[in-house]
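Predicted model only: the values in this text are computed from it and were never measured.
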Amino acid sequence: MGLMVRAGLGLEPWSVLNQGIARHTGLTIGTVTIVTGALILLLWIPLRQRPGLGTVSNVVILGLVMDGTLALVPPLHALAVRIPLLVCAVLLNGAATGLYITARFGPGPRDGLMTGLHLRTGRPVRLVRTCIEVTVLAAGFLLGGSLGAGTVVYALAIGPLAQFFLRRFAIPGLPERPSPVVARSGSSPERAILRE
């Protein structure tokens with residue numbers, strides 16, 4: 001996410017929101033990422049979602065790594081450097097998604113919000129996720145967050161990349177944990193993604 005900021009070609013929806021909030025508060029985008037992650041966890045309470053070690057780690061580490069990346073990578077101006085940086089950032093995000101989901105230590109705050117709303121409303125996961133992303137993107141844009149080609153690239157690429165990396169990082173022989181989202185089909189979220 002920090003590399004997408006440095007590429008300056010548009011961010012993924014939650015970073016658009018976090019960047020917009022950061023511009024109005026004077027906080028770093030990483031700090032805002034941590035705060036919004038923690039606030040999203042509060043929304044889990046009425047949704048009866050349970051955080052895991054991965055959930056809490058996601059809240060803290062995401063923001064710290066983002067600020068660290070922005071401190072280490074200077075602002076870039078040449079488009080010939082920014083485009084490959086964007087591609088690299090999206091690929092790394094896809095790999096990170098595959099790694100943290102296959103570890104099975106709990107969903108990130110945003111994923112848990114999605115699954116919790118799905119369970120409470122009975123609406124399809126796709127619809128719930130799309131509504132969340134569009135709402136967050138619109139709010140972030142109104143607050144001054146960066147939209148651009150990178151936003152579109154991310155939206156189109158993250159699903160296929162996540163599926164690819166979930167397959168690559170799957171741990172053979174690991175017993176499945178039941179998932180409330182796909183409880184009726186009796187398989188885990190990774191399996192649902194891998195089948196599509």
**Q** Between atom CZ of Arg167 and atom OG1 of Thr102, what is the distance when rounded to the nearest 0.5 Å?
**A** 14.0 Å
**Q** From Ile158 CD1 over to Leu91 CG, what is the distance, rounded to the nearest 0.5 angstrom?
**A** 9.0 Å
**Q** Determine, using the 4.5 Å side-chain heavy-atom cutoff (strictly less than), whether Leu99 and Val90 are members of one ILVMFWY cluster.
**A**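 Yes, same cluster.
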**Q** Restricting to non-hydrogen atoms, name the atom on Gly144 and the atom on Gln19 that form the minimum distance, rounded to 0.1 Å.
**A**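 Heavy-atom minimum between the residues: O-OE1, 4.4 Å.
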**Q** Please check if the side chain of Arg123 supplies one atom and the backbone of His118 the other of a donor-acceptor pair under 3.5 Å.
**A** no
**Q** Please round to the nearest 0.5 Å and tell me the distance separating atom CG of Leu85 and atom CG of Leu92.
**A**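 So the gap between those two atoms works out to 9.5 Å.
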**Q** Quick one: do Leu27 and Met1 end up in the same hydrophobic cluster if we chain Ile, Leu, Val, Met, Phe, Trp and Tyr together by side-chain heavy atoms under 4.5 Å apart?
**A**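 Different clusters: Leu27 never reaches Met1 through Ile, Leu, Val, Met, Phe, Trp or Tyr contacts under 4.5 Å.
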**Q** Short question: side chain of Arg6, backbone of Leu76 - any donor-acceptor pair under 3.5 Å?
**A** no
**Q** Check the pair Leu137, Leu17 against side chain to side chain contact (heavy atoms under 4.5 Å, CB included), reporting the backbone distance first and the verdict last.
**A** CA-CA 6 Å; Leu137 190 63; Leu17 176 65; over 6 Å; no
**Q** Tell me, which pairs form a side-chain hydrogen bond (donor to acceptor under 3.5 Å, both in side chains) where one or both residues lie in residues 71-89, sequence neighbours left out?
**A** none
**Q** Just by modelled atom types, is the Pro13 backbone N or O under 3.5 Å from a matching donor or acceptor in the Tyr154 side chain?
**A**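 Answer holds: no.
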**Q** Closest heavy-atom contact between Val81 and Pro84?
**A**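 Shortest heavy-atom contact: O-CD, 3.3 Å.
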**Q** Going only through I, L, V, M, F, W and Y residues with side-chain contacts under 4.5 Å, is there a path from Leu161 to Val87?
**A** yes
**Q** Go through the steps to decide whether Val16 and Leu147 satisfy the test side chain to side chain contact (heavy atoms under 4.5 Å, CB included), and finish with yes or no.
**A** CA-CA 7 Å; Val16 173; Leu147 290 175; 4.0 Å; yes
**Q** Are a donor atom and an acceptor atom from the side chains of Thr151 and Glu12 found within less than 3.5 Å of each other?
**A** no
**Q** Can you get from Leu9 to Val5 by hopping between Ile, Leu, Val, Met, Phe, Trp and Tyr side chains that sit under 4.5 Å apart?
**A** yes
**Q** For the residue pair Arg23 and Ser146, what are the closest heavy atoms and their distance?
**A** NH2-OG, 3.8 Å
**Q** With Thr31, which residues qualify under side chain to side chain donor-acceptor pair (under 3.5 Å), at least two apart?
**A**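 Partners of Thr31 under the side chain to side chain donor-acceptor pair (under 3.5 Å) test: Thr28.
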**Q** Got a second to check how far Arg168's CZ is from Leu166's CG, nearest 0.5 Å?
**A**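 With rounding to 0.5 Å, CZ (Arg168) is 11.0 Å from CG (Leu166).
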**Q** By ring pair (Phe, Tyr, Trp, His ring centres under 6.0 Å), which residues pair with Phe165, not counting sequence neighbours?
**A** Phe169
**Q** Would you mind writing out the side-chain donor-acceptor pairs for residues 33-41 within the sub-3.5 Å range, not counting sequence neighbours?
**A**
| from | atom 1 | to | atom 2 | distance (Å) |
| --- | --- | --- | --- | --- |
| Thr33 | OG1 | Asn18 | ND2 | 3.2 |
| Thr33 | OG1 | Ile29 | O | 2.7 |
| Thr36 | OG1 | Asn18 | OD1 | 3.0 |
| Thr36 | OG1 | Val32 | O | 3.0 |
| Thr36 | OG1 | Thr33 | O | 3.1 |

**Q** Tell me who clusters with Ile61, hydrophobic residues only, linked when side chains sit under 4.5 Å apart either directly or through other members.
**A** Val65
**Q** Out of Asp111, Thr115, Leu43, Leu113, which residue meets the side-chain contact (heavy atoms from CB on, under 4.5 Å) rule with Gln49?
**A** Thr115
**Q** Can you tell me which residue among Leu62, Asn58, Leu64 is in a side-chain contact (heavy atoms from CB on, under 4.5 Å) with Val60?
**A**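 When side-chain contact (heavy atoms from CB on, under 4.5 Å) is applied between Val60 and each of Leu62, Asn58, Leu64, only Leu64 qualifies.
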**Q** From Thr69 OG1 over to Met4 CE, what is the distance, rounded to the nearest 0.5 angstrom?
**A**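 It comes to 13.0 Å.
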**Q** Trp14 ring centre to Arg110 NZ or CZ under 6.0 Å, with the angle to the axis within 45°?
**A** yes
**Q** Tell me if a side-chain donor or acceptor on His24 pairs with a main-chain N or O of Leu143 at a distance below 3.5 Å.
**A**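 Present.
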**Q** Answer with yes or no whether the hydrophobic clustering places Met114 together with Trp44; edges join I, L, V, M, F, W, Y residues whose side-chain heavy atoms lie under 4.5 Å apart.
**A**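 In one cluster: yes.
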**Q** Judged by atom type as modelled, is there a donor-acceptor pair below 3.5 Å linking the side chain of Thr55 to the main-chain atoms of Pro107?
**A** yes
**Q** Connecting only ILVMFWY residues whose side-chain heavy atoms lie within less than 4.5 Å of each other, what is the rest of Val134's hydrophobic cluster?
**A**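 Besides Val134, the cluster holds no residue at all.
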